[in-house]
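What follows is a set of notes on a single structure, which appears directly below.
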Amino acid sequence: MRARSVAPLPTGVGATDRAPRSVARDRPESGNWNAPSAGIPSPAPMTDLAHPDRLQKIAALRAQGLDPYPARGVVATPIPVLLAGAGTPEAPGPLAGTRVTVAGRIELLRDFGKLVFAPLLGQGGRIQAGLERDRLGEWWPSRKLLDGGDQVGVTGVLGHTKKGEPTVWAESVTLLAKAVAPPPEKWHGLVDKELRYRRRYVDLWASEGVAQVFVKRSQALSTIRRYLEGEGYLEVETPTLHPIAGGAAARPFITHHNALDCDFYLRIAPELYLKRLVVGGLERVFEVSRNFRNEGLSQRHNPEFTMLELYEAQADYRRMLEIAEQIVERCALAVNGTTKVTFRGAEYDLGAPFPRVGYTELFRERNGFEFDDLARVRRRAQELELHLVDDPWKLMNDVFEATCEDGLAGPVFVVDYPIGISPLAKQKPGDPRLAERFELYVAGMELGNAFSELNDPAEQERRFVEQVASKDPEAPGEVDWDYVQALEYGMPPAGGLGIGVDRLVMVLTGQDSIRDVLLFPAMKPEPRAVRAAPKGTEPSGKAGPERP
RNA sequence: GGGCGCGUAGCUCAGUCGGUAGAGCAACUGGCUUUUAACCAGUAGGUCGAAGGUUCGAUCCCUUCCGCGCUCACCA
């Protein structure tokens, strides 16, 4: 909530005869609770989590004419500012001894009878409030209505305890929102992974370091945007609903538009739209897009994931190498202050430049023959007990991934991919077997993919037709003729790059699983939705929740 | 989709070789004015994930289902 003053409520407009107290949030009176709001009762809490004792406290508050969910917050000083301003007992800071207001969630209550310590959690930190009987006067008995998890505002003098901990010695306490669900166990916090993901709103404050991961994620995205804008790029937004699932080989989600009475595919890649924009004269574009693939889940795969894609006219994949390096290095520095990261037990240096290794050379080194020796590829695939897919080029790449990918600790660029697995990339001059394409690997994980974009419409049409004709269930179902037509209008030579933002954030923050860098990873719906009616009110026991 | 594992109080976990369950924290009551997982005493809290089967009796054994985790497959 933004800090601002609120004009007193005019008498008779939603105000009561206690209105002068109700608007006192900027000048809290000692011992003041919140004045009542319009007297609208809240509906009964809906889930099993609501604790009866806490519901009774709400009833007690309302009985006193007090609002457990007041309309206004308090004007508070951010906790990091308070901590810095408090200094130490030996060297008090500029705020020590002054009256301050802090807002936050009561982490827990340590009750000593006539003194209660209450660590308050807010964004950016934790500071302790000290509630003393002798300072709080007539409010003091009301402390019994507070619980761990409640949102409160505390005004008092900033000081220290005997042990030197910064403490706001409360002169008034304002309940800002009553928590009816109890917080997790204070020492272990939330450890059940399912609960952590389902109740991220608890995990974010109850589990150490979780919020920081998402702060870093935001910083990384912000860094990417700043860098690309500095390079003259324009951020754009292209459709999520696609008539043809193109730009990647993946199984799409299908949805239906009622008014148009047609099916759409959820975006599997923004690529073809972004290149249309390059045709349209937007010479440097990028998009941070959510993509959806109807495939398996794993530590590296979520059904929806975030991809950065960018395209630059007059550039080729060599320029994309540089941009990829810059993005990774700048993000590391912005997020961690160093290019060194620890991921899955190993240390990596994300400082540019990254080494390059040729796909051809790597394949030959690990397998002892050329990647386009398809007969030997097939034998090798049998040795490796790989699933023998029909598409020889796909099989070749399966062999590559099985034999080469694990060794790519990285960061490293694998450059010059076989053209057979690069349907949207331009052929490498002087070697018709290869495309001007690279992938970026870190910790054996593909982080990025880039190429010199194919802009020959006839060649693109030929490859599309070939794809559609293939037996690959993940190939597009039909040729994107509109895209071919776009190329017919002429697309300048261009380089394009895609970076898996979730995976990049995994590496930057040292998280093993993609789920730990997604605020709300995909989960099956929780069967429990609503709670039974309050005890004793079920008509016959049949009206309870459906709990299959 | 396959394999392995897990599901017991709000949270973290014990336990029952089959006789319907315990601890710590949280909650509630009482005590305590400097705690850092405070402490001390007491109280309350559970259709032991769901359904079915075996059994005199199932939270425990069996089957199926649901959810989650790990792993393999899948995943340019």
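Below, chain A is the first sequence line, B the second, and so on; all start at residue 1. Computed from a prediction, not measured in an experiment: that's the story for all the values here.
C40(B) sits 12 Å from U36(B) when the P atoms are compared, rounded to a whole Å. Using atom C1' as the reference point in both U47(B) and A9(B), the two lie 14 Å apart (nearest Å). Taking the C1' atom of each, A38(B) and G24(B) are spaced 15 Å apart, rounded to whole Å. U59(B) and U8(B): their C1' atoms are spaced 7 Å apart (whole Å). Using atom P as the reference point in both C61(B) and G7(B), the two lie 11 Å apart (nearest Å). Remark: the separation of the C1' atoms in C72(B) and G49(B) is 26 Å, to the nearest Å.
Mapping R300(A) and A250(A) onto RNA chain B by nearest heavy atom places R300(A) closer to the 5' end of the strand.
Within a 6.0 Å sphere centred on CZ of R251(A), heavy atoms belonging to other residues, nucleotides or ligands number 12 at most. Atom CZ of R344(A) has more than 12 neighbouring heavy atoms from other residues, nucleotides or ligands inside a 6.0 Å radius.
Heavy atoms of E401(A) sit under 4.0 angstrom from primed sugar atoms or phosphate atoms, though from no base atom.
Remark: R110(A) is not in phosphate contact with U36(B), judged by side-chain N or O atoms under 4.0 Å from OP1 or OP2.
Tested against L175(A), the residues V152(A), L66(A), I106(A) include a single side-chain contact (heavy atoms from CB on, under 4.5 Å) partner, V152(A).
Using a 4.0 Å cut-off between charged side-chain N and carboxylate O, R437(A) and D416(A) make no salt bridge.
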Distances for protein N/O vs nucleotides 27-33 of chain B N/O pairs under 3.5 angstrom?
unit_1 : atom_1 : unit_2  : atom_2 : d
A27(B) : O2'    : D53(A)  : OD2    : 2.2
C28(B) : OP1    : K57(A)  : NZ     : 2.1
C28(B) : OP1    : D147(A) : OD1    : 3.4
C32(B) : N3     : D111(A) : O      : 3.3
C32(B) : N4     : G113(A) : N      : 3.3
U33(B) : OP2    : F112(A) : O      : 3.3
U33(B) : OP2    : K114(A) : N      : 3.3
U33(B) : O2     : E132(A) : OE2    : 3.1
U33(B) : O4     : D134(A) : OD1    : 3.2
U33(B) : O4     : D134(A) : OD2    : 2.3

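Residues passing the salt bridge (charged side-chain N to carboxylate O under 4.0 Å, His left out) test with E365(A): none are found, sequence neighbours excluded.
Side-chain atoms of E165(A) stay outside donor-acceptor range of the base of U34(B), with no qualifying N/O pair under 3.5 Å.
Aromatic ring centres of F451(A) and Y317(A) lie farther apart than the 6.0 Å criterion allows.
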